[in-house]
Every structure is written in C-alpha cells, then in structure tokens.
Amino acid sequence: MGLNKLIYIKSALHDILSKCYDALKGKKGFYGIKTPMGGVLFILLISISLMSCSSTSWVVVDEGTKDINDFELISSRFYLESTNGITPNQPLIHFDLKAINTYEYAKRVRSERYIQRYRPRLGYVLLGAAGAGLSYFAAFSDQLVTEPTNTQRYSLIGAGTLLTGLSFLNMKPIGEPSATGESRLLRKIGAVQESDTVNAKPYNSVTPSIRLSYSDSILAEHKGWDFRDGRISINLAEEIDAGIFEETPSDNILVEVFYDSLSRKKEVPVSSVFEQFVVVDAQITALRNAPVIDNNNVLTDLAEGSQLKLVKKEGDWYKVLYGISETWVSVDDVNTIWRSSEFASDLSVITIPSVPFGSVDVEQNIPDLGLEPLNSSAFILSNFQFENKELSERIYGERDVELMEAYFSQALAIRSNNIIKAINISSERSLEQTYSRLAIPLDEPPRNLIVYINGYAEIRDSKVYLIGSELNEEGTSYLDLQKFFEGLSSLRLNSLVIFADLDILNNDGSSQPFRRLASTVTDSNYKAAVLFAGRPNQRSGIYSSSIGEQKRHSIFTYYLAEAFKQGKLRISEVYDHLERNVPFTSRSIYDRPQNPLLFGDRDLELLN
C-alpha cells in the first residue's frame with residue numbers, strides 16, 4: 001500500500017475511534033448523533049467492511065521475449081516464385097522476385113503491471129481496535145488513581161492509534177490481480193534468429209530473360225524482358241502460336257525465366273492458355289441437336305470454314321456451342337484447333353438453313369413429260385452414311401435420291417413399283433439381292449432402264465469401286481461397279497442410261513478407268529450411255545455456297561434434274577446442259593474443275 005493510503009487510514013480510524021470514545025463517555029453521539037453502544041459497534045464494523053485499498057506491482061511473465069526494436073539483418077537470399085493460376089481468359093503467368101531475410105533479435109525479460117485490491121482482516125482489526133480502546137480509555141479515564149500526564153496521555157493515544165493502524169496493515173487480497181496492459185522489457189538475456197519471406201525489388205541492373213518451349217522445341221525466347229515492381233509477367237497467348245498444337249497435346253508448355261543467377265521453371269497445360277474450337281473442313285455438315293444421324297434433328301447446315309467452340313468429344317461426335325446452345329457435329333466433318341479465348345468473339349459461322357424437300361426450285365413444279373410408262377424402269381444405288389470414321393456423311397445424298405425418285409416417277413412417268421432402290425448397302429451380296437429384284441421384271445418384254453448412282457468411290461487397280469456404308473472384317477467395304485455394270489449389260493433392254501454421280505476420293509489423272517467401266521455396257525448394247533459427274537481426278541461438289549445460292553444437292557444431280565425439268569430427254573441435250581453449268585458452278589464455289597464425262601450413244605433418247 002502507498003503512504004498516502006496509510007495516512008488516510010490512520011486519520012479515519014482516529015476520527016472514528018474519537019467519536020466512539022466520546023459516545024462511550026456519553027459526551028455526545030456518533031458524529032453528533034446519540035447512539036447506543038451496540039449501534040456504535042455496528043457502525044464500526046460496517047465501516048471496516050467497506051474499507052479497501054489497492055496496490056500495483058510489476059510481474060515477470062517471460063524471460064525470453066523477442067525485442068522487435070532491437071534487431072540486426074544477418075543475411076538475404078533471393079529466388080523467383082510463380083503461384084498464380086492461369087486460365088484462357090487470363091493467360092498471364094507471373095514470376096515474383098522474393099527474398100528470404102534472416103534477422104537476429106535481442107531476447108529480454110518482459111514484465112507486466114498488475115493491480116491487486118485488498119480489504120482489512122476483521123479479526124485483526126477488532127483486536128487492534130480493542131487494544132486501541134484500552135489505550136484510549138487509560139488516556140482519558142478519570143477513574144484512575146493517578147490521572148495520566150499529558151505525556152502519558154499522548155503516549156497512550158499514539159499506542160492505540162498504532163495498534164489500530166497495524167491491524168489494518170494485515171489485509172487480505174480480493175479476487176485475482178487485474179492486468180493494466182502495461183509491459184516493459186528489462187535486461188537482455190540472449191538473441192534469437194528468425195527468417196521472413198517478402199516481395200523484393202531487383203537488386204541490380206541485370207534484365208531478366210524468358211524462354212517458352214514445347215516438346216523440346218523453343219516457341220519464343222526474349223533476352224531483355226522487364227521487371228514491373230519486382231514481377232515478371234508473360235502473356236502466353238500472345239507469345240505462342242496456338243496452331244502448333246494437335247487435338248490432344250502430348251506435352252505441357254514449359255515456361256522458364258532467368259534473372260542474374262536465379263532461374264525458375266513451370267509447366268503449363270495447353271488447355272490453361274488456349275481453348276479448343278472446331279473448323280468445318282467438309283463442304284457442308286449438319287448441325288444437330290442430338291448425337292445421332294436423323295433428318296429430324298438437323299438444326300441447320302454449316303458450310304466449309306465455319307468455326308464453333310468445342311465443349312467436349314463424345315464418341316464420333318463433338319459437342320459444340322452454337323450461340324449459347326449445345327449442339328453436335330460429326331467428328332469426320334471438322335478439324336480441331338487451339339486458339340485464345342478472344343477468338344470466340346470473332347467466330348465465323350456460315351449457316352445454310354435446313355429447309356424441307358420441295359423448297360428448292362428443281363424440287364418444285366416437276367413437269368409431266370407425257371412419256372409411256374409401261375416399258376420403263378429405274379434403279380437407284382446410293383451410299384451416303386458410313387461407319388468408317390474417316391468418311392463423313394455425304395451431305396444431301398439422301399435428298400439427291402429423293403429428287404431423282406421424284407423425277408423418275410413424275411417427269412418420266414416410271415411407276416413406283418418399277419423404281420428399285422439400294423440405299424446404304426455394305427456388300428456386293430446386298431447389291432446382288434437388290435439387283436435380282438430389278439432383273440426379274442426386266443426379262444420380258446425388253447424395257448428401258450435408267451440407273452442413278454451416288455456416293456464416294458475409289459479407283460483401285462484401274463477399277464472403280466463404290467465405298468460401302470459399313471465396315472467388314474478387313475475394314476472399309478467396297479462394291480465392284482465393274483461387276484454391277486456387267487450384270488446390267490446381260491439384261492434384255494431396249495436402252496440403258498447410267499448417271500454416275502461419283503465423288504472419287506483418290507486422284508487419278510487418267511480417264512481410262514471410267515472409259516473401261518462404261519465400255520462394259522456401251523460395247524454390248526448400242527443403245528447405251530454412261531454420264532459421269534466429273535473426271536477421275538475431280539471431286540463431285542455440293543451446290544451450296546456460303547455467300548451464294550443454296551441448292552442443297554450435288555452440282556451434278558441439280559443440273560441433271562434441271563435438264564429433265566426443261567424437257568431435255570436426248571442424251572446430247574442433257575450432256576450439253578451439264579457441260580455448260582457444272583464446271584462453271586464448281587469454279588465459282590470451290591475454285592476447282594469438275595467436268596462431266598459422257599460415253600456411249602449421244603443421240604439416245606431417254607425411255608426410247
């Protein structure tokens with residue numbers, strides 16, 4: 001306790017005891033109030049119980065506290081670190097210059113200040129009060145034999161007061177000490193070392209360099225790169241040509257940075273920098289709302305060069321975004337490319353809206369040419385859907401078949417039961433079974449026969465083969481057209497006209513394979529003609545232009561139907577119409593030649 005509190009206690013006790021003494025002697029009441037003896041004692045006890053005091057003290061709480069104001073930098077070690085995530089929307093990679101600083105701090109004794117409250121112990125106070133009362137009684141009693149002198153009286157008063165004061169010094173603590181929040185560091189007892197990692201600034205004038213590589217090939221390298229506030233930033237999408245990556249990248253992009261003697265490497269997946277898109281490489285492909293070939297799920301047709309964002313691959317289909325809708329295109333009709341995310345904002349989508357049959361000009365108002373239908377038949381052989389993953393669906397193949405069937409039945413008046421079709425067949429056996437349905441009714445009497453062939457073909461060993469729709473044990477199936485033509489030549493016919501819309505997949509500059517195939521029927525029947533869509537080294541194109549007309553048929557079949565619609569029934573007239581229009585249209589759309597070939601009787605009339 002402080003000295004002031006002791007003086008205060010002594011003065012208060014002296015005042016209280018004086019009043020009590022006066023009350024005991026009956027001179028006057030307690031503080032001027034007449035009070036019985038019991039009341040005086042009660043007031044004395046209450047006053048004692050309410051008295052308290054407090055003291056403060058410094059307590060040592062830690063003998064090894066780090067003094068953050070007393071330190072010394074021992075060493076610094078620099079390194080490069082990359083921790084940011086990379087996405088196609090943010091194809092930035094950062095390398096930050098970091099420093100590991102080691103400091104030595106002084107260790108000191110730490111003390112904190114606490115406050116403790118105290119209250120007098122009642123037993124000691126009462127004993128002190130009793131002793132003080134005896135002293136005061138002796139000092140002021142007039143019943144003693146000899147009245148005390150002033151010196152004795154003062155001595156007794158002082159003794160009583162001292163006894164009372166000493167009884168108050170023996171106090172007991174109240175509750176737990178309370179911390180004031182004050183602390184101080186005392187003497188130094190040692191030192192401690194600690195390390196801290198912080199962002200650093202370049203510590204010399206050396207400029208950093210970067211190197212980007214993929215599969216052991218360097219994509220970009222720069223010697224004089226810049227620091228920006230201790231950071232090396234690289235926009236990977238700007239530094240790398242995305243066209244080098246295949247559909248499924250075999251490796252990651254390796255990013256390396258160098259500064260002074262420091263270096264850092266980080267591998268970044270291609271998909272973290274670029275997004276995948278598909279580009280239509282077929283003349284036309286169908287955009288569907290489901291991954292299955294069905295005329296009812298075609299949303300629109302896409303022209304060659306159309307670009308769409310790839311979502312994922314599922315089997316033979318790519319799920320792509322058309323606007324915000326998830327749609328499907330055939331794997332066989334597109335190529336995949338990697339591009340930056342900005343490429344999505346400038347996609348080129350060349351759509352050819354899907355329309356029902358009857359919307360194109362040659363599909364409308366098919367004339368009746370007034371021909372005799374009794375002795376005429378037609379055979380349609382078309383393959384346009386394939387199991388072979390390397391072959392895409394032959395666009396508009398089904399529509400070409402429907403167009404030819406419509407002209408055979410309406411314009412040329414061939415009865416529907418005399419139109420035999422072999423669609424998407426995979427083997428020569430299937431072709432023979434269909435052919436037998438044709439041969440039986442042609443036996444008697446002799447008939448006129450028109451044959452229309454449509455599909456992909458290849459020339460193998462100077463022979464022409466139509467590609468089958470399904471795979472066999474050896475892979476792609478082939479239909480020998482030489483055998484088919486030989487079968488046709490054995491029939492008893494008045495006339496035979498064959499229109500072959502063949503899209504030859506392997507180039508052959510010689511016309512000899514077509515000449516040899518046509519001679520199979522033209523040599524045995526003078527009333528025979530074979531008309532091919534183009535030469536063996538030319539593709540049969542689709543009449544659909546992204547910036548022009550959309551006829552939705554092959555160029556050859558469209559103009560063949562147009563010739564029929566104009567009443568051209570002589571083979572020379574049909575050929576002249578094709579020769580004038582097919583090459584020009586092919587050049588206009590694809591900038592490539594397509595020249596029809598005719599073998600046989602030019603003066604032959606259809607259904608003579």
Open item on the list: Could you measure the distance from the CG atom of Leu403 to the CZ atom of Arg552? Nearest 0.5 Å is fine.
Closed with: 13.5 Å
TODO: Verify the neighbour count for atom NZ of Lys266: are there more than 12 heavy atoms of other residues, nucleotides or ligands below 6.0 Å?
DONE: yes
TODO: Step through it carefully: locate the ring centre of Tyr214, locate the ring centre of Phe245, and say whether they are under 6.0 Å apart.
DONE: yes
Open item on the list: Counting the benzene-type ring for Trp, do Tyr558 and Tyr396 have ring centres under 6.0 Å apart?
Closed with: no
Open item on the list: Could you tell me if the side chain of Val273 sits less than 4.5 Å from the side chain of Trp338, heavy atoms only?
Closed with: no
Open item on the list: Donor-acceptor pair, distance only, cut-off 3.5 Å: does the side chain of Ser586 make one with the backbone of Val582?
Closed with: no
- [ ] For the pair Asp333 (side chain) and Ala282 (backbone), establish whether a donor and an acceptor sit closer than 3.5 Å, ignoring hydrogens and angles.
- [x] no
- [ ] Could you check whether the rings of Phe532 and Phe599 sit parallel, tilted or perpendicular, using 30° and 60° as the cut-offs?
- [x] perpendicular
TODO: Identify whether the distance between the nearest side-chain nitrogen and carboxylate oxygen of Arg394 and Asp501 falls below 4.0 Å.
DONE: yes
Task: Minimum side-chain heavy-atom gap Tyr559-Pro596 below 4.5 Å - done: no
TODO: To the nearest 0.5 Å, tell me how far Asp601 CG sits from Arg570 CZ.
DONE: 9.0 Å
Task: Greater than 12 external heavy atoms within 6.0 Å of Glu247's CD - done: yes
- [ ] Can you see which heavy atom on Arg535 is nearest to which on Leu597, and at what distance?
- [x] NH1-CD2, 3.4 Å
Task: Residues, nucleotides or ligands: over 12 heavy atoms within 6.0 Å of Phe584 CZ - done: no
TODO: Please state whether the rings of Phe564 and Phe408 are parallel, tilted or perpendicular, taking 30° and 60° as the class boundaries.
DONE: tilted
Task: Side-chain heavy atoms of Glu267 within contact of Ile253, under 4.5 Å - done: no
TODO: Say whether, by atom type as modelled, one donor and one acceptor occur between the side chain of Gln538 and the main chain of Asn595 under 3.5 angstrom.
DONE: yes
Task: Salt bridge Lys483-Glu432, side-chain N to carboxylate O under 4.0 Å - done: no
TODO: Examine distances only and state if a side-chain atom of Ser477 and a backbone atom of Glu470 form a donor-acceptor pair shorter than 3.5 Å.
DONE: yes
TODO: Answer yes or no: are there more than 12 heavy-atom neighbours, outside Asp241 itself, under 6.0 Å from its atom CG?
DONE: yes
Open item on the list: Return the CG to CD distance between Asn289 and Glu326, rounded to the nearest 0.5 Å.
Closed with: 12.0 Å
Task: For the student: nearest non-hydrogen atoms of Ser359 and Arg399, plus distance - done: N-NH2, 4.4 Å
Task: Gln482 and Thr520: side chain donor to acceptor below 3.5 Å - done: yes
Task: Glu458 side chain to Asn506 backbone, donor-acceptor under 3.5 Å - done: no
TODO: Check whether any side-chain N or O of Thr522 sits under 3.5 Å from a backbone N or O of Gly600 as a donor-acceptor pair, and report yes or no.
DONE: no
Open item on the list: Pairing donors with acceptors under 3.5 angstrom, does anything connect the side chains of Asn448 and Ser495?
Closed with: yes
Open item on the list: Once rounded to the nearest 0.5 Å, what's the spacing between atom CD1 of Ile232 and atom CD1 of Ile234?
Closed with: 7.0 Å
TODO: Please find out if less than 6.0 Å separates the ring center of Phe274 from that of Phe343.
DONE: no
Open item on the list: Tell me whether Arg539 forms a cation-pi arrangement with Tyr590, defined as NZ or CZ under 6.0 Å from the six-membered ring centre and within 45 degrees of its axis.
Closed with: no
Task: Under 3.5 Å donor-acceptor, Glu402 side chain and Phe357 backbone - done: no
Task: Main-chain N/O of Ile542 paired to Ser554 side chain as donor or acceptor, under 3.5 Å - done: no
Open item on the list: As an exercise, state the distance from NZ of Lys565 to CD of Gln364, rounded to the nearest 0.5 Å.
Closed with: 6.5 Å
Open item on the list: Is a donor from one side chain sitting under 3.5 angstrom from an acceptor on the other, for Tyr322 and Thr300?
Closed with: no
- [ ] Tell me, yes or no, whether the heavy-atom count around Lys309 atom NZ, taken from other residues, nucleotides or ligands under 6.0 Å, exceeds 12.
- [x] no
Open item on the list: Could you measure the distance from the OG atom of Ser213 to the CG atom of Asp251? Nearest 0.5 Å is fine.
Closed with: 8.5 Å
Open item on the list: Let's go through Thr336 and Tyr318 carefully: what are the C-alpha distance in whole Å and the side-chain angles of both, what is the deciding distance for side chain to side chain donor-acceptor pair (under 3.5 Å) to 0.1 Å, and is it a yes or a no?
Closed with: CA-CA 10 Å; Thr336 59; Tyr318 283 127; 4.7 Å; no
Open item on the list: If you define the side chain from C-beta out and look only at heavy atoms, does anything of Ile210 sit under 4.5 Å from Val255?
Closed with: no
Open item on the list: Closer than 3.5 angstrom, by distance alone: can the side chain of Trp225 be matched with the main-chain N or O of Ser233 as a donor-acceptor pair?
Closed with: yes
Task: side-chain contact (heavy atoms from CB on, under 4.5 Å) partner of Leu431, chosen from Leu381, Leu481, Leu466 - done: Leu381
TODO: Say whether, by atom type as modelled, one donor and one acceptor occur between the side chain of Thr327 and the main chain of Val320 under 3.5 angstrom.
DONE: yes
